[in-house]
Amino acid sequence: MLVLAYTKNSKVSLAVEAFDRAGNYRFGLSILSCNPLLSALVKKKDIGNTENVYKEMIRRRIEPNLITFNTMINGLCKAGKLNKAGDLVEDMKAWGISPSVITYNTLIDGYCKMGKAGKMYKADALLKEMISKNIVANEVTFNILIDGYCKDENVVAATKLFEELKNRQDLVPSVITYNSIINGLCHQGELDKALSLQKEMLASNVKPNVVTYNVLIDGFCKNGMLKEAHEVFDSMAGQGITPTYITYNTLINAYCKDGEMQEAIHLHDSMSLVRDVRPDDVSTYNCLISGFCREGNKEGASEILDEMKEKGVRADLITYNILIGALCREGESRKAVKLLNEMLEIGLHPSHVTYNMLIDGYCREGKLATALNMRTRMEKDGRKANVVTYNVLIKGQCQKGKMQEANGLLNEMLEKGLVPNRITYDIIRDEMMEKGFVPDIDGHLYGGV
DNA sequence: TTAGGGTTAG
């Protein structure tokens, strides 16, 4: 009972401890406590403990049910462990449990959100497999695929599914469907189409929500139409929609990127006048710090940091990343490493972004050996080198004229199954080919050059 | 089980 009580009170680590103790004292633990605990751990993105609790459940012969498997598969997908998630589908069958529409939706979403080429092909294959097993796709299935195609910059495929959904007798598009497709259109710069879909929502009795407005505001901002973005923002009140801190962050960030720090600060100040909007979220401060750093205004940035301290708002991973990035770009990698150590001291786990910026910082200063040491440190910290890491290192080697070393890194990256992106090709073209060096790597790379 | 903002390489 203790496990469930702690889980319900969001005391997840205490719940895990109670779960462990329950094993030793042989207290009865039922699936009714285990499933919520697994679900809470997944929500906390604590995949390590999620997997441990699951293994322990099996060891203690607590029989998993459909919800257990769906929760586990969701957790593994969110952690990017798609293969393990697939294995669990086989496990559940062995337990005599058939995958449900939720199982398939979860897996399809996992593939949709994976950053790999051809992921939508895999997602579509899963959809076909699901249909072949007479499991009927629901509105969520459509939403997941529509969003996946939009993020894959294939709005045509997304629109096709959207039309299919509208033609179905048993299903209707929801606000989430519309938001996904409006977001996709915004990213393609098709603001007119996005706005007409917003009108279509009203005609179909689907009420736009704050996300709809956030997406439109961001769309206008990212297409350099700040005035129009502000107009959408101003129109919210008339529709009875209250902006959230995300709405403000979107606009504040756009003004920061436009170099209009005055307007950004003004917006931040005005947040405190709106009911239910917290002006002291760390993410809003991050927008402002990033804005000041971008224009090289150190005083501005430290004023914001001081204000955060005054108000008791703690810097997070992204705050540190912004500051580390700024120092690295200014050739102050040593100071940046001090911040890296500081974040470790206060218990913040540096991300790929943190390490990649530091590696890039050293490369910019021509300190290639130190850059490679930083990669070692990164991997010791459990962050595997990714495409950005290799791009940065390859460029660093090229700029020092070390073409064989650059080529070696390129091969290494391909051997690890990392997929080169547009920037990799730009580096090869601009740095390698330009210097008359022909990359001595296997054929599949040339397709994109 | 699904949608929105803030940090990296050009």
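So you know, we letter chains A, B, ... as the sequences are listed, proteins then strands, and number each from 1.
Judged purely by atom type and a 3.5 angstrom limit, A/Lys119 uses its side chain to pair as donor or acceptor with the backbone of A/Cys112. A donor-acceptor pair under 3.5 Å links the side-chain atoms of A/Asn386 to the main chain of A/Val388, judged by distance alone.
For A/Thr106, whose side chain is taken as the heavy atoms from C-beta onward, the closest listed nucleotide among B/dA9, B/dT1, B/dG4 is B/dT1. With B/dT2, B/dA9, B/dG4 as the candidates, the nucleotide lying closest to the side chain of A/Lys151 is B/dG4. Proximity note for A/Ile176 (side chain, C-beta onward) versus B/dT1, B/dT8, B/dA3: the nearest is B/dA3.
Listed by residue number, the members of residues 138-148 of chain A with any heavy atom below 4.0 angstrom from DNA chain B are A/Val140, A/Asn143, A/Ile144, A/Asp147. A heavy-atom distance below 4.0 Å to DNA chain B is reached by these residues of residues 225-248 of chain A, ordered by number: A/Thr244, A/Tyr245, A/Ile246. Sorted by residue number, the members of residues 346-359 of chain A with any non-hydrogen atom under 4.0 Å from DNA chain B read A/Val353, A/Asn356, A/Met357. Less than 4.0 Å separates DNA chain B from at least one heavy atom of each of the following residues of residues 310-328 of chain A: A/Asp316, A/Ile318, A/Asn321, A/Ile322. At a non-hydrogen distance threshold of 4.0 Å, A/Asn209, A/Val210, A/Val211, A/Asn214 from residues 199-214 of chain A come into contact with DNA chain B.
One can place CG of A/Leu127 at 14 Å from C1' of B/dT1, the figure rounded to the nearest angstrom. Here the P atom of nucleotide B/dA3 and the CD1 atom of A/Ile108 are 14 Å apart, to the nearest Å.
Under the ring pair (Phe, Tyr, Trp, His ring centres under 6.0 Å) criterion, A/Tyr245 pairs with no residue at all, not counting sequence neighbours. Looking at residues two or more places apart in sequence or on another chain, you find no salt bridge (charged side-chain N to carboxylate O under 4.0 Å, His left out) involving A/Glu303. Qualifying salt bridge (charged side-chain N to carboxylate O under 4.0 Å, His left out) partners for A/Lys193, counting only residues two or more places apart in sequence or in other chains: A/Glu190. The salt bridge (charged side-chain N to carboxylate O under 4.0 Å, His left out) check on A/Lys384 picks up nothing, with sequence neighbours excluded. Legend: residues meeting salt bridge (charged side-chain N to carboxylate O under 4.0 Å, His left out) with A/Asp124, ordered by chain and number and at least two apart, are A/Lys128.
Evaluation of atom-type donor-acceptor distances gives no pair under 3.5 Å for the side chain of A/Asp426 against the base of B/dA9. In the interface, the side chain of A/Asn249 is not paired with the base of B/dG6 through any donor and acceptor atom under 3.5 Å apart.
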- Step by step, would you call A/Asp170 with A/Arg168 a salt bridge (charged side-chain N to carboxylate O under 4.0 Å, His left out)? CA-CA 6 Å; A/Asp170 54 336; A/Arg168 287 271 295 245; 2.8 Å; yes

- Task: May I have the step-by-step check of side chain to side chain contact (heavy atoms under 4.5 Å, CB included) for A/Leu410 and A/Ile428, ending in yes or no?
- Result: CA-CA 9 Å; A/Leu410 192 53; A/Ile428 293 169; 3.9 Å; yes

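Residues A/Asn143 and A/Ser174 share a closest heavy-atom pair of ND2-OG, 3.8 Å.
Sorted by first then second residue, the ring pair (Phe, Tyr, Trp, His ring centres under 6.0 Å) pairs that include residues 175-198 of chain A, not counting sequence neighbours, are A/Phe162-A/Tyr178. Pairs engaging residues 327-352 of chain A under the salt bridge (Lys or Arg N to Asp or Glu O under 4.0 Å) rule: A/Lys298-A/Glu330, A/Glu332-A/Lys335 [sequence neighbours left out].
Put simply, A/Lys113 has no side-chain N or O that comes within less than 4.0 Å of OP1 or OP2 on B/dT1.
Using a 4.0 Å cut-off between charged side-chain N and carboxylate O, A/Glu231 and A/Lys227 make a salt bridge.
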